[in-house]
Structure formats: structure tokens, C-alpha cells
Asker: 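Let me give you the structure first, and then I'll get to my questions.
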Amino acid sequence: MEIISLFTIIIILMCISLIVTDGDFLTPSFILESVYLVATLVMVVTWDVHYEWVSVGIIAIGLVAFQVVEILFCFDKSSIPRIVENNISSFVVIVIIVIQIITIILYISEIRRIGGKGLYESIKAVRRQNMYATSLEMSKYINVFVSRLMKLNYAAGYVNLYFLVDKIGKKKRDYQSVLLFISVFVYLIQAVLSGGRMQFLRMGLAFIIYILVVYRYQHNNSKSISVAKIVKVAFFLMIVLILFYETRVLVGRTNQVSYSFWEIFSTYFAGGLYLFNEYLKKPIINQGTAVGTLTFKDLFNLLYKYGFREKRIVPQLEFRRIGEIYTNTYTAFRYYYQDYKACGVIVLQMIFSAVYNCIYKSIKQKMCKILIPIYGFMFFGLVMHVVSDQFFSILSFGYIETIMHMLLIIFLETKVRVTYKANYLKMCS
């Protein structure tokens with residue numbers, strides 16, 4: 001009965017979203033609700049679930065709070081200043097690629113210094129540091145200058161992936177497309193070296209949203225999509241998931257070798273819903289921790305870095321067993337509820353919704369195309385909400401710095417022009 005109620009609530013919310021937005025299936029609320037619907041189906045098919053009413057209630061009020069904000073944005077008809085996108089500067093793209101390659105060389109030197117052995121063993125060593133150290137502490141292991149360059153490489157990968165998709169969508173497969181592909185490929189090398197499958201998954205999801213948004217622009221903001229396009233997107237999503245599964249050993253997940261694709265996928269994608277219910281049945285009382293340290297751990301660690309706190313925060317959610325696998329994903333609702341209870345779930349979901357809907361509204365009105373790469377980068381937090389919080393808990397200077405790098409690269413690649421004269425270069429915007 002509880003699961004049926006959860007299904008019904010999610011489906012009703014999805015219908016309301018489509019009605020209010022005139023059938024727009026790319027709105028943040030429709031995507032979030034679709035993710036929870038699929039995760040619920042996977043959970044029911046995979047495990048014997050005895051869901052609690054309190055779990056249904058918290059998830060329901062969280063999704064409703066998210067959608068209420070989106071409805072308010074639908075009634076807001078205020079205009080946004082138009083930003084015209086210029087052609088891409090090949091010179092700037094080449095300069096960025098050179099910086100990316102230098103970054104890879106320096107990063108390989110750093111991981112060899114940390115690992116002290118072969119490249120593969122060094123990658124595993126860096127991955128362990130990434131797992132157990134906060135972003136503010138990584139400067140102890142990776143040179144600060146190299147770390148800054150890595151963020152620039154990170155930003156360039158997402159920006160140039162969007163420009164590449166945009167060019168392919170317009171059927172402009174020229175030398176600039178090759179340059180953009182090289183930039184994205186160099187970033188993927190960094191992703192492999194840093195030992196994180198999350199980066200592959202994040203970029204795969206960004207690629208999907210870029211395809212859908214570019215398709216919309218090409219069809220005059222049409223809310224419909226062809227069956228062939230849906231099949232292509234589904235096919236690419238399957239490839240991303242398979243790569244996510246097959247690269248588990250490459251990035252050091254040797255303990256997952258014996259698990260099947262479905263075991264990994266179901267536990268990773270739907271395990272959060274299952275364990276959130278288990279947490280509410282048997283909650284863990286965290287003693288001696290300040291309120292908000294789970295949801296805003298990076299902000300608390302920022303205070304620690306500058307001497308406003310005596311201890312840094314390293315929240316470790318307890319592992320629980322699902323079938324043969326132990327995991328500690330509990331959906332983003334675990335973060336909000338543990339720190340602030342039901343009222344916190346409502347408030348934080350409304351803030352979360354306001355940010356995503358503000359960006360999406362700007363894109364939908366065809367006013368701020370420069371926000372599309374930003375939205376693609378942040379899209380991961382929307383889809384991964386059913387796994388863990390990927391928005392509030394990672395807010396830090398590093399996260400904001402990456403977005404600023406993306407805006408800088410967009411400006412340089414679309415606004416700056418280099419003209420060649422007799423014996424000098426002239427750069428203008």
C-alpha cells in the first residue's frame with residue numbers, strides 16, 4: 001500500500017508538471033520526479049521492500065516543495081536580457097587545449113609523486129586520497145597550482161562538449177569540431193587519471209541534456225521529440241552506464257569485480273531509496289556534531305580552513321547491507337532530514353528548486369544560451385538527488401570557481417577575436 005501510494009504521488013506530480021508547463025518534459029521537477037519513479041520501480045523489482053509511511057511522507061513533501069517553486073516560476077513572465085552567442089574563436093580553443101595538455105603532464109607528475117610506484121598504482125593511491133580527504137585538504141597532496149589548472153581543464157571539458165554538440169546539431173563538422181573534440185578528450189584523460197567514475201557519469205548526463213536542449217533550439221523551442229531521438233538518447237545512456245560498470249576495476253573498485261551489472265546499477269541507483277527507509281526505521285544518532293554538518297559539510301570545512309572552527313567535518317554515513325552489497329547512499333533527503341527534519345526538507349528543496357528553475361527558465365526563453373553548459377554541469381545534482389546530495393554538500397569555493405572558469409572560457413571562446421596583421425596580433429572583443 002505504501003509503495004503504491006508513493007507511485008501514485010509521483011505520477012500525479014509528473015502530470016501536474018506537464019500540465020503547468022504545457023507538456024515540457026525537460027523541466028527540473030519532471031526530471032527529478034522521473035528519476036524517483038524509475039528508482040522506485042527498480043527498488044520494487046530488485047528487493048523485497050516494506051516501505052514506511054513516514055518515508056513516503058518525507059519524499060512526497062520534498063517533491064511537492066520542489067514543484068511548488070517551479071509553478072511559481074511558470075507564472076513569472078518577466079523578461080531576461082538577451083545574450084547573443086558569437087562564433088567560436090579557434091585561436092582561443094587551441095590555447096586552452098595547450099593549457100589542458102600541460103595540465104595533464106603536470107598532473108601525471110603529481111600522481112607519480114604521491115603513488116611512488118607505477119602509474120596504475122599511483123592512480124589507485126590518488127583515488128584513496130580523493131575518497132577520504134575533503135576538497136579543501138587535497139592541496140596537501142596535489143600542488144595548488146596543478147589543482148587550479150585541473151579545475152580549468154574540468155570547466156573546458158563541459159563548455160567545449162556543449163559547443164561540440166551544438167556544432168554537430170547544426171551539421172557544422174569542420175576543423176573547429178575537431179579542436180572541440182580534442183579538448184573534451186583531454187579532459188576525459190584527466191578523469192581517468194583522477195580515478196573517478198563520477199566524472200564519466202556527470203559528463204554523460206551533461207551530454208544528454210546538451211543533445212535535448214540543442215534539439216529544442218533547432219525545432220523552435222518545440223516541447224515534442226521524435227521517437228528516433230528518444231531511442232538515440234536511451235542508447236547513449238545505456239553506453240554510459242555500461243562504461244560506468246566496466247571501469248570499476250580501472251579506477252580501483254576491485255571489490256566490485258564479482259558483482260553483475262544489475263547488482264551495481266540497482267544498488268547505486270535505487271539503493272538510496274531503500275536505505276533511506278531503513279534509516280528512518282533505525283536512525284543513527286550523531287552525537288557531538290553541529291546541526292547542518294551533513295548538508296553543508298564543505299561550507300563548515302571552509303570555516304575550519306580559515307580558523308573559524310576547531311575541527312574539520314568528515315561526515316561518514318554508515319554502511320548498510322542490500323543483498324550482497326554494502327553501501328551508504330541514502331538520497332539527498334537523508335542529508336536534509338537528519339540535519340533539519342521535515343521543515344528542513346521543505347526549505348532546502350525549495351532553494352534547490354529555485355536555483356535550477358532560474359537557470360532553466362533563462363535557457364527556455366532562448367535568452368541566455370551561455371547558461372546551457374552551466375546547466376549541463378549542474379544537471380548531475382538533479383539526477384543524483386535519488387542517490388545523495390550533490391548540491392548543498394559540495395558548495396565551496398572550488399565548486400563556484402569551476403562555474404566561474406566555465407563563464408570565463410565561454411567569454412573567451414565566443415567574444416574574443418584574434419586578427420593577424422603584418423607583424424603583430426590584435427586581440428579584441
Side-chain angles (χ1 to χ4, degrees), residues 2-3 5-10 12-14 16-17 20 27-33 35-37 39-40 51-76 272-303 309 313 315-318 328-359 378 381-396 399:
E2 292 85 352
I3 288 292
S5 300
L6 182 60
F7 270 122
T8 304
I9 292 170
I10 295 175
I12 290 174
L13 290 174
M14 292 173 69
I16 293 174
S17 177
V20 172
T27 60
S29 67
F30 187 82
I31 291 173
L32 182 64
E33 290 150 11
V35 168
Y36 270 87
L37 182 66
T40 305
Y51 231 62
E52 300 290 326
W53 280 113
V54 64
S55 305
V56 175
I58 293 172
I59 294 171
I61 63 173
L63 296 178
V64 169
F66 192 95
Q67 186 152 324
V68 166
V69 174
E70 182 170 282
I71 293 173
L72 294 177
F73 270 86
C74 291
F75 287 109
D76 180 13
L273 272 178
Y274 183 93
L275 288 190
F276 180 62
N277 183 61
E278 294 300 306
Y279 161 74
L280 292 175
K281 288 181 181 178
K282 301 177 181 178
I284 301 297
I285 306 300
N286 292 333
Q287 299 179 350
T289 57
V291 175
T293 53
L294 186 61
T295 305
F296 297 101
K297 67 177 189 298
D298 271 12
L299 292 180
F300 273 91
N301 284 324
L302 190 64
L303 295 175
R309 285 185 58 86
I313 303 298
Q316 293 290 335
L317 296 178
E318 70 281 1
N328 65 340
T329 58
Y330 292 86
T331 78
F333 290 125
R334 160 74 188 268
Y335 292 69
Y336 311 157
Y337 185 79
Q338 178 172 314
D339 281 335
Y340 304 107
K341 302 306 178 185
C343 290
V345 171
I346 296 172
V347 173
L348 292 173
Q349 279 289 99
M350 294 182 77
I351 297 172
F352 184 55
S353 178
V355 172
Y356 277 82
N357 277 288
C358 182
I359 296 174
M378 297 177 63
L382 194 63
V383 176
M384 294 299 290
H385 190 282
V386 76
V387 178
S388 65
D389 177 64
Q390 295 292 325
F391 182 70
F392 294 106
S393 62
I394 62 173
L395 283 178
S396 63
Y399 188 81

Asker: To the nearest 0.5 Å, tell me how far Thr40 OG1 sits from Leu273 CG.
Answerer: 5.0 Å
Asker: Taking the six-membered ring of Tyr279, is NZ or CZ of Lys282 closer than 6.0 Å to its centre and within 45° of its axis?
Answerer: no
Asker: When the ring planes of Phe352 and Phe392 are compared, do they come out parallel, tilted or perpendicular, using 30° and 60° as the limits?
Answerer: tilted
Asker: Does Leu280 reach the side chain of Glu52, with side-chain heavy atoms less than 4.5 Å apart?
Answerer: no
Asker: Is any side-chain heavy atom of Ile58 closer than 4.5 Å to a side-chain heavy atom of Tyr336?
Answerer: no
Asker: Tell me if a side-chain donor or acceptor on Asn357 pairs with a main-chain N or O of Pro28 at a distance below 3.5 Å.
Answerer: no
Asker: Parallel, tilted or perpendicular: which one describes the rings of Phe276 and Phe333, with boundaries at 30° and 60°?
Answerer: tilted
Asker: Taking the side chain as everything from C-beta on, heavy atoms only, tell me whether Met384 gets closer than 4.5 Å to Phe391.
Answerer: no
Asker: With the side chain counted from C-beta on, respond yes when Thr331 and Tyr337 share a heavy-atom pair under 4.5 Å apart, and no when they do not.
Answerer: no
Asker: Please round to the nearest 0.5 Å and tell me the distance separating atom OG of Ser5 and atom OH of Tyr51.
Answerer: 12.5 Å
Asker: Applying side-chain contact (heavy atoms from CB on, under 4.5 Å), name anything that partners Val69, two or more places apart in sequence or on another chain.
Answerer: Phe73, Met350, Ser353, Ala354
Asker: Write down the atom of Ala65, the atom of Gln349, and the distance for their closest heavy-atom approach.
Answerer: CB-CB, 4.1 Å
Asker: Search all heavy atoms of Leu348 against all heavy atoms of Tyr340 and return the closest pair with its distance.
Answerer: CD1-CD1, 3.8 Å
Asker: Taking all non-hydrogen atoms of both residues, which atom of Gly62 and which atom of Val345 are closest, and how far apart?
Answerer: CA-CG1, 3.8 Å
Asker: Go through the steps for His385 and Tyr36 under the test ring pair (Phe, Tyr, Trp, His ring centres under 6.0 Å), then give the verdict.
Answerer: CA-CA 9 Å; His385 190 282; Tyr36 270 87; 5.7 Å; yes
Asker: Measure the spacing between CD of Gln338 and OH of Tyr335 and express it to the nearest 0.5 Å.
Answerer: 9.5 Å
Asker: List in chain and number order the residues that pass ring-ring contact (aromatic ring centres under 6.0 Å, His included) with Tyr274, two or more places apart in sequence or in another chain; answer none if no residue qualifies.
Answerer: Trp47
Asker: When rounded to the nearest 0.5 angstrom, what is the spacing between CG in Leu72 and CD in Gln67?
Answerer: 11.0 Å
Asker: Are side-chain heavy atoms of Phe30 and Glu70 found at a separation under 4.5 Å?
Answerer: no
Asker: Working to the nearest 0.5 angstrom, can you tell me the gap between Thr295 OG1 and Arg334 CZ?
Answerer: 10.5 Å
Asker: With sequence neighbours excluded, tell me which residues meet side-chain hydrogen bond (donor to acceptor under 3.5 Å, both in side chains) with Tyr356.
Answerer: none
Asker: Could you tell me if the side chain of Leu6 sits less than 4.5 Å from the side chain of Glu2, heavy atoms only?
Answerer: no
Asker: Please round to the nearest 0.5 Å and tell me the distance separating atom OG1 of Thr8 and atom CD1 of Ile3.
Answerer: 11.0 Å
Asker: Is the shortest side-chain heavy-atom distance between Glu33 and Ile16 below 4.5 Å?
Answerer: no
